[in-house]
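Quantities reported herein were computed from a predicted structural model and do not represent experimental measurements.
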Amino acid sequence: MGFISKLIIFPFKLAKWLILWAFVTFVLVALFSTPVEGLSERQQGVISQNCSTIQQSLSQLQKIDSRTRTYLGTTYETIANRFIIPLNLRLVKNNRPTFSEIQAEFTLEQTKFREAYTDYMRELEALIVTDCKNSPEEFYQKLVTTRKKRATLRATTERLSDLSGQQYAAVLELRDKL
């Protein structure tokens, strides 16, 4: 992996985040596989009984995600403003082909990242404040929506990582040609 790609790899905090998310996901998926007609009474009871633990885990996840978003947002800005854009400007000045397609896609994905994160965080906040003790069905429906928003966010971060790798590969290829 190249230097730019390594900037995107999360520090050790990712492990903590993954463990927490895996725990919450395991509990919710294992115990709450939803039948077509909705949650069973048993599933609703499990949600109600574990409501405070679930909400506490989700609050911790929210804090970790917030820090991760800050880290990723800063990293993406650094990649764009210190590597991609200056290199393309230099290539234009030297009458060389630029990597404008990668730059345009990266900028577009940064915008999608910001929007996806905002959407996800709104859903997560709504999920956390939902009274899962008295409204487990409503809580579960919001959980499903939050998972979808998180999946969209993940796809965006994966695309940004891929574009960073493409940029790095293009720079190496350019270096070899010069």
Side-chain angles (χ1 to χ4, degrees), residues 4-82 104-164:
I4 294 174
S5 296
K6 287 181 182 178
L7 284 174
I8 294 178
I9 297 174
F10 299 9
F12 68 93
K13 292 179 185 178
L14 176 63
K16 181 179 175 184
W17 172 81
L18 289 174
I19 290 169
L20 179 63
W21 186 248
F23 170 74
V24 170
T25 302
F26 173 76
V27 168
L28 295 175
V29 170
L31 296 176
F32 315 123
S33 54
T34 309
V36 175
E37 66 278 353
L39 293 174
S40 69
E41 286 185 34
R42 179 183 163 275
Q43 292 168 323
Q44 290 180 17
V46 170
I47 291 175
S48 293
Q49 283 180 334
N50 296 307
C51 182
S52 62
T53 304
I54 292 169
Q55 286 181 323
Q56 185 179 32
S57 295
L58 290 171
S59 292
Q60 290 172 348
L61 177 65
Q62 182 183 33
K63 289 176 188 173
I64 292 167
D65 280 353
S66 183
R67 283 184 251 144
T68 302
R69 189 269 180 243
T70 300
Y71 172 77
L72 287 175
T74 302
T75 301
Y76 298 147
E77 290 296 321
T78 300
I79 290 170
N81 295 328
R82 291 190 181 171
E105 286 183 56
F106 195 88
T107 302
L108 179 63
E109 288 300 321
Q110 277 184 289
T111 302
K112 288 181 183 178
F113 169 77
R114 288 183 205 102
E115 291 169 0
Y117 180 80
T118 301
D119 289 346
Y120 162 68
M121 197 50 70
R122 282 185 189 136
E123 290 298 328
L124 183 59
E125 288 171 2
L127 178 65
I128 290 170
V129 299
T130 300
D131 183 8
C132 53
K133 188 169 189 79
N134 296 317
S135 304
E137 185 77 40
E138 179 186 354
F139 176 82
Y140 185 78
Q141 294 307 318
K142 287 185 179 184
L143 175 65
V144 170
T145 303
T146 303
R147 284 180 177 164
K148 289 176 185 174
K149 299 290 183 176
R150 187 177 184 86
T152 300
L153 179 59
R154 180 179 177 169
T156 303
T157 59
E158 288 173 351
R159 181 68 181 138
L160 283 162
S161 178
D162 182 53
L163 288 167
S164 296

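Partners of Asn81 by side-chain contact (heavy atoms from CB on, under 4.5 Å), not counting sequence neighbours, listed by chain and number: Glu77, Ile85. By the side-chain contact (heavy atoms from CB on, under 4.5 Å) test, Glu105 is found to be paired with Glu101, Arg159, Leu163, residues two or more places apart in sequence or in another chain being considered. Remark: Thr130 engages Glu138, Phe139, Lys142 in a side-chain contact (heavy atoms from CB on, under 4.5 Å) (not counting sequence neighbours).
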Checklist entry - Passes salt bridge (charged side-chain N to carboxylate O under 4.0 Å, His left out), Lys112 versus Glu109? Steps please. => result CA-CA 5 Å; Lys112 288 181 183 178; Glu109 288 300 321; 3.4 Å; yes
Next on the checklist: For a side-chain contact (heavy atoms from CB on, under 4.5 Å) check, start with the C-alpha distance between Ser164 and Tyr76, then their side-chain angles and the critical distance, and finish with the verdict.
Outcome noted: CA-CA 9 Å; Ser164 296; Tyr76 298 147; 5.5 Å; no
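Atom CD1 of Ile64 and atom OG of Ser59 lie 11.0 Å apart (nearest 0.5 Å). Residue Leu61 holds its CG atom at 13.0 Å from CD1 of Ile54, rounded to the nearest 0.5 Å. Taken from CD in Gln55 to CD in Gln60, the straight-line distance is 12.5 Å, to the nearest 0.5 Å. Once rounded to the nearest 0.5 Å, the distance linking CZ of Arg114 with CG of Leu72 reads 12.0 Å. Atoms OG1 and CD, on Thr146 and Gln141 in that order, are 11.0 Å from each other to the nearest 0.5 Å. Here the SG-CD distance, from Cys132 to Gln44, works out to 12.0 Å after rounding to the nearest 0.5 Å.
With contacts defined as side-chain heavy-atom distances shorter than 4.5 Å, the pair Arg147/Leu143 qualifies. A heavy-atom distance below 4.5 Å is found between the side chains of Lys148 and Val144.
Side chain of Ser66 to backbone of Gln62: no donor-acceptor contact under 3.5 angstrom is found. Judged by distance alone, with hydrogens and angles left aside, the side-chain atoms of Thr156 form no donor-acceptor pair with the main-chain N or O of Phe113 at under 3.5 Å. With Ser161 contributing its side chain and Thr157 its backbone, the two residues share no donor-acceptor pair below 3.5 Å.
Residue Tyr117 forms a side-chain contact (heavy atoms from CB on, under 4.5 Å) with just one option from Thr68, Thr152, Leu153, and that option is Leu153.
No hydrogens or angles considered: a donor-acceptor pair under 3.5 Å links the side chains of Tyr120 and Asp65.
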